[in-house]
Amino acid sequence: MRIVLMGAPGSGKGTQAQRLIERFGIPQISTGDLLREAAARGTPYGLRARAAMDSGALVADEIVLGIIRERLGQADAARGFILDGFPRNLPQAEALASMLDTIGKPLDVVVLFEVDYAEIVRRISGRRTCPRCGRVFNVHTHPPGTPPHCDQCDDRPKLVQRRDDEEVTVKRRLQVYEEQTRPLAEHYAAQGLLRVIQADAPVDVVTARLIEVLEPLERAQ
Ligand code: AMP
C-alpha cells in the first residue's frame, strides 16, 4: 500500500500514521520528523531547514525532495509506505508522481483529514513531545501529569513543546496549509485518488474511519 495522509497541522496525521504501521506492515515517512532529525544533527541541509521550520514556512522543495528520494530508496519502503506531511505543494506532488512512475509503483490513495480550525488550534497548543522517545502527548486528551513527563520512558523525561507549535508560528503554518497544501486535494480528486475523512473525533474513531477507507483498497491489491 502506498498511502498519503494529508491534512492541516494538528489534524492527527502523525498519530494515525503510527497506528497504521503495524496494521499494514509499512513504514511511516514523516518529512517533518526527518527534517527535525537533520536539524538536530546540524547537517548543512538541516540548518537551512530549521530556519524555515521555525518561521512556519515550508522548507525548500530541493531539500525535502532530496530527503524523500533517499528515504523512499531504503529497503523497508519497497513494500509500501505512509507519507505523513508530504507532499505539501504541487511541485512536490508532481515530483513524487514522477519518482513513483519511474519504479512503476504509483500511489494507491490520498486521505484528507478534515478538522475544524478551532479544534486544530486547541490540539496544537496542547501538543507535547518526549525528547527521548519522540512519543506525542496532548495535555487536553492524554494528561501526562503536572509538570508533564513521559510515562513511557523509565527516567520520565519532561515533555517539551515543539518550537513551531507556539501560537504565532501556528497561524503561519495554517495559512501555508490553506494556500499551498489544501489545493492538492483537488489535484488528487481529479486523479480519483482522494478520500476524505472527518478527523475531529476521538483517536480510535478516526482510526476506524481510516481503516474503513483503506481495507477495501488493501483487498484489491
Ligand atoms: P510537520 O511535523 O509535518 O508539522 O512539519 C513541521 C515543519 O517541517 C513544517 O512547518 C515545514 O516547515 C517543514 N516541513 C515538513 N514537511 C514538509 C514538506 N513536505 N515540505 C516543506 N516543508 C516541510
Side-chain angles (χ1 to χ4, degrees), residues 2-18 20-21 27-41 43 45-72 77 81-100 107 110-113 115 117 119-131 133-138 159-185 187-188 199:
R2 289 173 296 278
I3 304 167
V4 168
L5 302 185
M6 249 191 87
S11 59
K13 305 180 298 288
T15 303
Q16 296 298 332
Q18 285 176 2
L20 297 182
I21 297 173
Q28 167 194 19
I29 300 180
S30 153
T31 40
D33 286 348
L34 294 171
L35 290 165
R36 278 185 288 277
E37 276 163 30
R41 282 200 310 272
T43 65
Y45 273 170
L47 296 178
R48 265 181 65 197
R50 171 175 285 159
M53 292 166 85
D54 283 351
S55 73
L58 292 186
V59 172
D61 289 347
E62 161 213 350
I63 296 180
V64 176
L65 290 172
I67 285 179
I68 272 287
R69 195 169 283 116
E70 192 192 321
R71 182 64 187 86
L72 289 177
F81 44 76
I82 308 150
L83 288 174
D84 155 15
F86 177 88
R88 259 176 154 99
N89 60 22
L90 194 56
Q92 290 182 8
E94 286 170 345
L96 173 66
S98 88
M99 274 181 231
L100 297 178
L107 288 177
V110 176
V111 184
L112 174 65
F113 287 36
V115 179
Y117 187 85
E119 173 65 10
I120 282 176
V121 171
R122 194 184 80 94
R123 284 187 190 179
I124 296 186
S125 68
R127 179 154 70 182
R128 301 289 183 278
T129 312
C130 172
C133 70
R135 211 170 254 108
V136 179
F137 295 81
N138 195 293
L159 301 181
V160 294
Q161 185 174 35
R162 267 170 53 173
R163 267 166 48 184
D164 62 347
D165 277 351
E166 286 159 21
E167 204 177 323
V168 267
T169 319
V170 169
K171 289 221 175 88
R172 173 88 184 108
R173 288 164 66 206
L174 288 171
Q175 187 191 354
V176 167
Y177 173 75
E178 283 303 324
E179 289 172 6
Q180 301 192 46
T181 309
R182 171 89 214 188
L184 286 182
H187 171 79
Y188 284 124

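Reckoned from all heavy atoms, side chains included, excluding hydrogens, waters and symmetry mates. Position 1 is the first residue of the sequence; numbering continues from there. Order of listing sets the numbers, starting from 1, for every ligand and every atom in it.
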So, using side chain to side chain donor-acceptor pair (under 3.5 Å) as the criterion, who are the partners of [X] when residues are at least two apart?
| X | result |
| --- | --- |
| Arg36 | Asp33 |
| Asp54 | Arg163 |
| Arg123 | Glu119 |

Show me a pair-per-line table, with atom names and distances to 0.1 Å, of protein N or O atoms that are under 3.5 Å from an N or O of ligand 1.
residue: ligand 1; atom: 2 (O); partner: Arg36; partner atom: NH1; Å: 3.0
residue: ligand 1; atom: 2 (O); partner: Arg36; partner atom: NH2; Å: 3.0
residue: ligand 1; atom: 2 (O); partner: Arg162; partner atom: NH1; Å: 3.3
residue: ligand 1; atom: 2 (O); partner: Arg162; partner atom: NH2; Å: 3.3
residue: ligand 1; atom: 3 (O); partner: Arg88; partner atom: NH1; Å: 3.1
residue: ligand 1; atom: 3 (O); partner: Arg88; partner atom: NH2; Å: 3.2
residue: ligand 1; atom: 4 (O); partner: Arg88; partner atom: NH2; Å: 3.4
residue: ligand 1; atom: 4 (O); partner: Arg162; partner atom: NH2; Å: 3.2
residue: ligand 1; atom: 4 (O); partner: Arg173; partner atom: NH2; Å: 3.2
residue: ligand 1; atom: 5 (O); partner: Arg88; partner atom: NH2; Å: 3.4
residue: ligand 1; atom: 12 (O); partner: Ala57; partner atom: O; Å: 2.6
residue: ligand 1; atom: 16 (N); partner: Thr31; partner atom: OG1; Å: 2.8
residue: ligand 1; atom: 16 (N); partner: Gly85; partner atom: O; Å: 3.4
residue: ligand 1; atom: 16 (N); partner: Arg88; partner atom: NH1; Å: 3.0
residue: ligand 1; atom: 19 (N); partner: Thr31; partner atom: OG1; Å: 3.4
residue: ligand 1; atom: 19 (N); partner: Gly85; partner atom: O; Å: 3.0
residue: ligand 1; atom: 19 (N); partner: Gln92; partner atom: OE1; Å: 3.0
residue: ligand 1; atom: 20 (N); partner: Gln92; partner atom: NE2; Å: 2.9
residue: ligand 1; atom: 22 (N); partner: Val59; partner atom: N; Å: 3.0

Next on the checklist: Tell me whether Thr31 contacts the main-chain N or O of Gly85 through its side chain, where contact means a donor paired with an acceptor under 3.5 Å.
Outcome noted: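 Yes, the answer is positive, given that a donor and an acceptor are paired below the 3.5 Å cut-off.
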Checklist entry - Charged N to carboxylate O below 4.0 Å: is that the case for Asp165 and Arg128? => result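 No.
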Next on the checklist: Applying the side chain to side chain contact (heavy atoms under 4.5 Å, CB included) criterion to Asn89, which one of Val64, Val176, Leu58, Thr181 satisfies it?
Outcome noted: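 When side chain to side chain contact (heavy atoms under 4.5 Å, CB included) is applied between Asn89 and each of Val64, Val176, Leu58, Thr181, only Leu58 qualifies.
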